[in-house]
Amino acid sequence: MGPVQPAKSATTAVPASVAEIEHRIFGRERTADEAILGVHIGSYSVRAKDPEIVANAQDGGAVSALMLYALEKKIIDYALVSGFTSREPWKPAPKVARTRQELIDNAGSEYTPGGQIGGMAEIAVPNRSVVNFQEERLTLVGLPCELQGFWRMNTHWIAAPKLGRNLVFTIGLFCSKVFDYQKMMVDYVQGTRGIDLGTVTKVNIKKNRLLVYTGDRLAIDEPVEVLAHAAREECNICVDYSAELADIAVGAIGSAAGWSTVLTRTPRGEDILNGAVESGYLEMKRLDPAGKAIKFLETLCERKRLRDPSAYIRHSTAFARPEPKLMVLEAPTK
Ligand SMILES: Cc1cc2nc3c(=O)[nH]c(=O)nc-3n(C[C@H](O)[C@H](O)[C@H](O)COP(=O)(O)OP(=O)(O)OC[C@H]3O[C@@H](n4cnc5c(N)ncnc54)[C@H](O)[C@@H]3O)c2cc1C
């Protein structure tokens, strides 16, 4: 890697606070070549070898296979994944996976946020969680915003560092946006389209299309614009597409159908990926950093960087600030 260079353009500039966090995580700033994708070591197309993982995964099953490798080689004691709440189908919630079966049960993507950092807090704070996992080692899968939030809390002087004390590595998912659970799944998929959420087996957003499966049947195949009203407003200020603060970032863009694109960002992430390949959990092809696939990924990252991260202040949708009630102070008559 070359020396630190200024970012290539205004849209690729990293805010100073993020650059500082990156320095803490990676031990260096990004180079000019990494201005768009963020700090990384390698880029790969990856597919799980376990047929049950492949059958249940969103893309190539890279995330579940990497976690399975880490569990079975005792690199971690458990993985914090995103599963479903028992009462509301397709409503994500953080879940602990300690076995292959639990990883398979929680594979696949939910396009509404599940609150992985809340799960970390439950684990980290003694006596608050039902079961106290705090002395065990874990990995976490999360969205770019969740990892951004996690590292902002973890590197801030006032935050509790124990939130990440036993976190061995993180896996981040590429993400352009998430949707509101009620508006997307309940009101649209169930309400407007009349699909019982209990029968949905897979939700995918690919090439700007919303794809919803019930068993092997493709029940919805429509332009994703039908969900425009359900997109979460918070995503308008997020500029991180490729999970820039993860040890290992994973997505679909850049790979053939049925494969996952993987960016290793830390030496630990690279070791875990190589270990999983050498131990037969994954097959892997190297992606050419100057090739079409990575260039397309960079285009999507650049597009997301055009959003405005400075707009943290609430605007028109926020409640108007109430006018104060003016008390009439009467002057004492005597
Ligand atoms: C909201 C969202 C938006 C996405 N947008 C893009 C995109 O624009 N471009 C792109 O290339 N890829 C995107 N992805 C990533 C893609 O859908 C796959 O998750 C990724 O390719 C990994 O596939 P896999 O087969 O390797 O993972 P799997 O082996 O299927 O494992 C996926 C893991 O992700 C966890 N997970 C599922 N949903 C969530 C969630 N909401 N929050 C946190 N963890 C979760 C699961 O628990 C599981 O452990 C998005 C994912 C999500 C959840």
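Note: hydrogens, waters and symmetry copies are ignored here, and every other heavy atom, side chains too, is used. In listed order, ligands and their atoms are each counted from 1. Computed from a predicted structure; not experimentally measured. Along the sequence shown, residues carry numbers from 1.
Clustering of Ile, Leu, Val, Met, Phe, Trp and Tyr by side-chain heavy atoms under 4.5 Å joins Tyr213 with Leu211, Leu218.
Taking the charged nitrogens against the carboxylate oxygens, Arg305 and Glu244 do have a contact shorter than 4.0 Å, which makes a salt bridge.
For ligand 1, the atoms lying closer than 4.0 Å to a non-hydrogen atom of Gly61 are 24 (P), 25 (O), 26 (O), 29 (O). The distance from ligand 1 to the heavy atoms of Val250 drops below 4.0 Å at these ligand atoms: 22 (C), 26 (O). The atoms of ligand 1 that sit less than 4.0 Å from any heavy atom of Gly251 are 11 (O), 12 (N), 20 (C), 21 (O). Counting atoms of ligand 1 from 1 in the listed order, those under 4.0 Å from a heavy atom of Ser176 are 5 (N), 8 (O). Of all atoms in ligand 1, listed by their number and element, those nearer than 4.0 Å to a heavy atom of Val178 are 1 (C). Near Tyr111, meaning under 4.0 Å from one of its heavy atoms, ligand 1 places the atoms 1 (C), 2 (C), 3 (C), 4 (C), 17 (O). Residue Ala62 approaches ligand 1 through these ligand atoms, each under 4.0 Å from one of its heavy atoms: 24 (P), 26 (O).
In this structure, a donor-acceptor pair under 3.5 Å is absent between the side chains of Thr170 and Arg265. Side-chain polar atoms of Asp247 and Thr266 form a donor-acceptor pair below 3.5 angstrom. Using a 3.5 Å distance cut-off with no hydrogens or angles, the side chains of Tyr181 and Glu88 do not pair a donor with an acceptor.
Nearest to atom 46 (C) of ligand 1 by heavy atom, out of Val81, Ile253, Leu173, Asn106, is Asn106. Of the candidates Lys202, Lys95, Glu110, it is Glu110 that places a heavy atom closest to atom 40 (C) of ligand 1.
Arg137 contributes no side-chain N or O that, together with a main-chain N or O of Asn166, makes up a donor-acceptor pair within less than 3.5 Å.
Under the rule for a ring pair (Phe, Tyr, Trp, His ring centres under 6.0 Å), the partners of Phe84 that lie at least two apart in sequence or sit in another chain are Trp90.
Within the 4.0 Å heavy-atom criterion, the part of Ser260 lying near ligand 1 is the side chain and not the backbone. With a 4.0 Å heavy-atom cut-off, ligand 1 is reached by the backbone of Thr112 but not by any atom from C-beta on.
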